[in-house]
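Order of the sequence lines fixes the chain letters, A, B, ..., with proteins taken first and strands second; residue numbering starts at 1 for each chain.
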Amino acid sequence: MKIFYHCFGGAHSSVTAANIHLNRLPKDRVPGFKELFNQNPFFDQREVNDTGKVVHMGQDGMGNDIYVVGRQSRPQLLYFITEKISEVFSINKDSYTLVNMSTYVNYLMRIGGFISRRLGLIKLGRPIVTWGTQRNYQAMVAEVQKVIGDIKQTEAKN
Amino acid sequence: MKTLILYDGCYFPLSFVTGAIFTGKLPEKCTPELIWDIIPVFGSKKNKNDQICYQGQAHDGTRVLSFSACSGRLIMKNLIPSFLKAHGIAENKFRILEINTTFDFYFWMGQSLLRMSPYSGKGRKMVENYLMRIYPALVNFVKLDWHSQIADNYTQDNVLCKMIKPNPQKGF
């Protein structure tokens with residue numbers, strides 16, 4: 001199965017969620033500032049021109065492929081495109097899932113992301129977005145756990 | 001079987017019109033009414049300004065899919081090929097073309113007015129005027145360029161951008 005975590009820029013919440021899913025970040029505690037700040041790859045590194053680009057982050061223990069994608073403020077467009085393409089190219093709609101991580105983006109992440117990605121002031125913006133990520137980390141872990149649970153259920157049914 | 005994916009970042013679905021020329025639903029000499037008759041309904045509740053249509057098959061069996069999303073050009077440009085690649089669709093199975101037009105104030109204004117119901121008639125006229133100028137260029141694009149661009153041995157980047165320039169003479 002393919003899991004696409006998507007958010008506004010595909011640089012912060014979706015990357016963090018993907019890293020949680022891939023066990024690169026802990027699930028039982030909030031990681032320290034440096035741990036989050038230096039998480040690789042792609043945290044606070046994708047540019048505006050990368051919007052819409054699907055990036056493969058790795059494969060989890062169950063053989064699922066994890067991707068991240070940024071889609072600005074157009075989640076519906078992402079859903080429509082993937083749905084239509086799946087129809088035309090006969091891609092099984094159960095073979096992938098889209099997980100919206102924008103709901104876990106707080107104001108600190110927005111402000112920090114804007115300063116870092118749009119204004120290019122990385123030294124100022126990245127610490128703010130990292131701090132914001134720490135504050136919402138538990139909620140992101142819960143969402144990832146939910147996704148993993150859903151996948152296990154689906155696989156058990158099949 | 002090859003699939004041709006057309007997209008544009010306009011409110012008016014230019015890619016749909018181009019796709020209709022390719023599939024033969026629109027003739028070389030056309031009237032504005034004919035175009036308005038075939039384009040999908042604007043602003044449905046579900047997808048607002050985004051229009052995504054499977055337009056059927058052309059004479060040579062090529063399937064045509066068109067995407068129009070206002071301000072969604074970059075997302076479509078990056079998402080479509082990378083999503084297909086993620087699902088292991090071979091690059092020679094599809095060809096993506098961006099229908100990119102030179103900026104025209106009246107076309108832009110016409111599209112904006114189309115969204116406002118009291119002024120949609122005026123907007124329609126403005127869009128029609130622009131379409132009349134651009135239609136021959138679209139037909140030429142389909143006739144002259146397309147077949148080489150979607151050929152199997154075409155080796156350039158999979159996402160092609162075609163700049164359509166309006167013809168100063170009226171096309172209809």
Side-chain angles (χ1 to χ4, degrees), chain A residues 1-11 14 18 42 46-60 63-100 102 117-118, chain B residues 1-11 13 15-16 19 40 43-57 61-96 98 158-159:
Chain A
M1 192 164 190
K2 295 177 194 332
I3 296 131
F4 296 89
Y5 288 103
H6 62 92
C7 64
F8 187 89
S14 55
F42 305 123
R46 300 187 73 195
E47 303 296 333
V48 178
N49 282 341
D50 295 329
T51 300
K53 229 174 248 177
V54 173
V55 175
H56 189 242
M57 294 287 286
Q59 206 170 48
D60 69 4
N64 302 308
D65 287 306
I66 312 299
Y67 297 87
V68 294
V69 58
R71 39 67 181 159
Q72 303 288 351
S73 51
R74 309 285 297 273
Q76 285 302 322
L77 184 58
L78 175 74
Y79 296 137
F80 288 132
I81 291 175
T82 51
E83 191 184 324
K84 205 63 181 178
I85 285 181
S86 302
E87 271 175 34
V88 173
F89 286 89
S90 308
I91 297 167
N92 184 3
K93 283 176 190 168
D94 294 330
S95 70
Y96 68 90
T97 180
L98 299 165
V99 185
N100 187 1
S102 283
R117 297 294 88 213
R118 285 295 168 105
Chain B
M1 197 188 329
K2 198 148 198 150
T3 306
L4 185 63
I5 301 167
L6 298 159
Y7 73 93
D8 64 72
C10 307
Y11 178 62
S15 58
F16 185 88
S44 66
K45 268 185 189 172
K46 200 179 172 191
N47 58 352
K48 288 186 180 170
N49 302 328
D50 307 331
Q51 305 198 30
I52 296 163
C53 281
Y54 174 60
Q55 293 185 260
Q57 287 188 354
T62 306
R63 298 182 300 176
V64 181
L65 187 60
S66 68
F67 294 87
S68 284
C70 198
S71 315
R73 196 185 61 82
L74 188 61
I75 299 177
M76 291 186 285
K77 182 184 177 182
N78 289 331
L79 178 66
I80 299 167
S82 57
F83 184 78
L84 288 169
K85 196 180 169 191
H87 281 92
I89 309 287
E91 284 197 357
N92 61 0
K93 294 278 179 200
F94 61 92
R95 175 71 62 208
I96 303 167
E98 178 189 344
N158 218 17
V159 182

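Here the closest heavy-atom approach between residue Gly52(A) and residue Ser82(B) is recorded as O-OG, 3.6 Å. The heavy-atom pair separating Val88(A) from Thr3(B) by the smallest distance is CG1-CG2, 4.1 Å. The nearest pair of heavy atoms linking Ala86(B) to Tyr67(A) is O-OH, 3.5 Å. Gly72(B) approaches Leu77(A) most closely through the heavy-atom pair CA-CD2, 3.9 Å.
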Review point. Hey, mind stepping through Arg74(A) and Ser71(B) against side chain to side chain contact (heavy atoms under 4.5 Å, CB included) and telling me if it holds?
Key: CA-CA 10 Å; Arg74(A) 309 285 297 273; Ser71(B) 315; 4.1 Å; yes
Practice item. Take Phe83(B) and Phe89(A), measure what side chain to side chain contact (heavy atoms under 4.5 Å, CB included) needs, and give me the verdict at the end. Key: CA-CA 11 Å; Phe83(B) 184 78; Phe89(A) 286 89; over 6 Å; no
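Separating the CD1 atom in Ile89(B) from the OG atom in Ser90(A) is a distance of 8.0 Å, to the nearest 0.5 Å. Once rounded to the nearest 0.5 Å, the distance linking CG of Leu65(B) with CD of Glu87(A) reads 9.5 Å. How far CG of Leu79(B) is from CZ of Arg71(A): 11.5 Å, rounded to the nearest 0.5 Å.
When heavy atoms are compared at a cutoff of 4.5 Å, Tyr79(A) does not approach chain B at all. The parts of Lys53(A) that come within reach of chain B are both its backbone and its side chain, each placing non-hydrogen atoms under 4.5 angstrom from that chain.
By the 4.5 Å heavy-atom criterion applied to side chains, Ile85(A) and Leu84(B) are counted as neighbours. Proximity of Ile80(B) to Ile81(A): side-chain heavy atoms (C-beta onward) are separated by under 4.5 Å at one or more points.
Between chain B and the residues Thr51(A), Asp65(A), Val69(A), the most heavy-atom pairs under 4.5 angstrom are made by Thr51(A).
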